[in-house]
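Below you'll find the structure, written out as structure tokens, and then a few comments.
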Amino acid sequence: MNALDARREAAEVASSDVIVVGSGIAGLTAALGLAPRTVTVLTKTALGAGSSSQWAQGGVAAAMAADDSPRLHADDTLEAAAGLGQRAVIEALTAEGPERICRLIELGARFDRGSGGALLLGREGAHSRRRILHAGGDATGAEMVRALVAEVRRRAAVDLHERCDVHDLVTAGDRVVGVLALHGGPGGRTVFHRASAVVLATGGLGRLYARTTNPVEATGDGLAMAARAGARLVDLEMIQFHPTALETGRETVSLEPLPLVTEALRGEGSILIDDRGDRFMTGIHPRAELGPRDVVARAIRWRQQAGRRVFLDARDAVGEAFPNRFPTVWDHCRAHGIDPRRQPIPVTPAAHYAMAGIAVDANGRSSLRGLWACGEVSSTGIHGANRLASNSLLEALVFGARVADDLAGAEPPRPAPRAAQREVVWRETGPAEGDDKLDAEKTIRQLMWEHVGLERERHGLETVLDRTDRIDRSLASRPSAARNLLTLSRVVSAAALAREESRGAHFRTDFPDPVESLRHRLFWTYRPDEAFPLEAAGTERRAGREIA
Ligand code: SIN
């Protein structure tokens with residue numbers, strides 16, 4: 001939206017040096033690093049709540065053990081990324097990770113330690129060393145968020161606005177000059193927040209899928225806004241499916257997410273079996289249950305397609321220690337009448353993480369002046385086609401801080417273009433989620449799960465593009481979660497259609513093998529009015545800025 005329209009829309013105009021949208025680990029870290037500049041944090045829920053960070057069970061990976069090194073961590077990350085990982089940014093991540101974690105510990109984050117006081121390090125899929133820190137057993141994200149929220153609340157320079165919906169970036173030419181946000185829910189007031197820099201840290205897009213481990217707030221707002229504003233996007237087809245969400249048996253398109261059954265359980269030796277007791281992963285990957293996530297998730301899906309149910313059996317590996325070691329999963333299991341000490345846990349794959357994102361460089365800069373992004377909404381090139389478990393919290397920590405450092409050294413904040421010197425009229429507006437929007441959303445989520453999920457093929461992808469093109473255009477004209485999901489369903493399916501090969505999380509049944517000439521990232525810009533809604537914006541070889 002341009003600045004003139006934004007002023008027409010808005011009831012108020014507010015100014016600050018920098019706006020951070022989102023309050024997961026990436027947003028909170030960026031906000032902390034930016035103070036003492038005046039930072040406005042805009043967040044959809046209460047600070048830290050409703051973010052995927054808050055829910056993260058499996059921990060944060062960092063090379064902190066004597067037998068480990070940033071180099072080994074980088075090698076594992078690159079291998080998991082299936083040919084699309086960018087070595088320079090990965091090495092920055094793994095080298096800076098331990099130091100960033102130490103700083104978080106200084107801020108008060110309490111990671112699990114052994115009886116001698118040393119940090120306990122766990123193992124997860126595709127990691128060659130024990131390097132995963134946990135907190136509260138399986139409540140790592142919540143502890144990291146707690147420590148960051150406490151610190152952010154202490155900082156006078158941070159102006160917090162909770163429960164406000166940012167729905168559009170505001171641009172002047174090719175520069176982002178602020179955001180438009182609805183405060184106070186439907187019927188509330190719209191504010192044009194101006195700033196010389198906007199940092200999007202809005203998290204992922206799990207709600208795009210009928211089955212997801214993500215909180216309901218994960219509606220891909222930042223990615224959709226950036227798409228509409230013309231930012232360069234990348235790896236849009238790369239969505240990671242977690243192999244083990246709790247199979248609750250509830251209606252597939254329910255808004256309720258499926259509880260995660262953390263990969264750390266497999267790290268501790270729990271095994272996958274089907275309802276005949278067959279341990280099937282040993283015949284599929286040399287690392288069996290600890291193989292790459294996409295391989296394990298697809299193996300489960302194929303079992304399900306063959307009419308079998310799949311379970312994670314933690315009876316021998318964890319047994320009586322379950323309630324203490326994995327209290328979050330324990331609570332979810334008990335809520336569904338399962339005792340994982342005595343019974344295998346029913347599991348199913350679910351959408352979990354977007355490698356797709358706003359294309360950013362090693363400092364979080366996007367292709368639009370004035371716009372930075374960090375955390376899941378961004379795509380740095382670290383995760384490539386398949387994220388290594390527990391690298392996302394680390395990326396949020398490291399790149400939240402990198403964005404702040406970059407902004408500290410960036411051109412001095414210029415006042416954003418001033419609003420016209422006339423009274424800005426109050427305008428009552430509300431992204432009401434009427435029945436039509438909910439129906440459209442249900443349709444989108446089901447279509448995405450069926451055709452743009454663990455397995456994709458041309459006809460299914462074209463069906464999604466065709467059906468979403470015909471969803472009432474009025475949905476696209478007003479701010480709402482459904483509008484963002486509509487935008488994202490179109491760009492993700494189009495990118496999946498364009499990549500005619502299988503690589504990492506992107507599996508095409510009609511092109512089941514990787515193609516060497518496609519071993520590069522695909523950059524796009526959004527074309528809202530076209531049947532194929534993407535325009536090619538280069539590969540990393542030509543894009544330049546994406547590789548540090
Ligand atoms: C998990 O605990 O299995 C999730 C960790 C992650 O996605 O990094």
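Side-chain atoms are counted along with the backbone in the values below, which use heavy atoms only and exclude waters and symmetry mates. Throughout, residue positions are numbered sequentially from 1 according to the sequence presented. Each ligand, and each atom within it, is numbered from 1 in the order the structure gives.
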For [X], is the nearest heavy atom under 4.0 Å from an atom of ligand 1?
X: Ala389; answer: yes
X: Gln240; answer: no
X: Arg293; answer: yes

Using a strict cut-off of 4.0 Å, indicate which atoms of ligand 1 neighbour a heavy atom of [X].
X: Glu263; answer: 1 (C), 2 (O), 3 (O)
X: Leu260; answer: 1 (C), 2 (O), 4 (C)
X: His352; answer: 4 (C), 6 (C), 7 (O)

Should the pair [X]-[Y] be classified as a salt bridge under the 4.0 Å nitrogen-to-oxygen rule?
X: Glu237; Y: Arg456; result: no
X: Arg325; Y: Glu268; result: yes
X: Arg146; Y: Glu143; result: yes

Report yes if some N/O of Gln57 lies less than 3.5 Å from some N/O of ligand 1; otherwise report no. no

Within the structure, does Asn391 bring an N/O atom to less than 3.5 angstrom of an N/O atom in ligand 1? no

Look at the aromatic rings of His127 and His73 and report parallel, tilted or perpendicular, splitting at 30° and 60°. tilted

Closest approach of any protein heavy atom to atom 8 (O) of ligand 1, naming residue and atom: Ser390 N, 2.6 Å

Closest to atom 2 (O) of ligand 1 among protein heavy atoms sits Thr262 OG1, 2.6 Å

Lys/Arg cation over aromatic Tyr209: Arg211, 6.0 Å, 45° cone: no

May I ask you to check if Arg334 and Trp330 form a cation-pi contact, with NZ or CZ under 6.0 angstrom from the six-membered ring centre and within 45° of the axis? yes

Any heavy-atom pair between the side chains of Phe241 and Asp294 that's under 4.5 Å? no

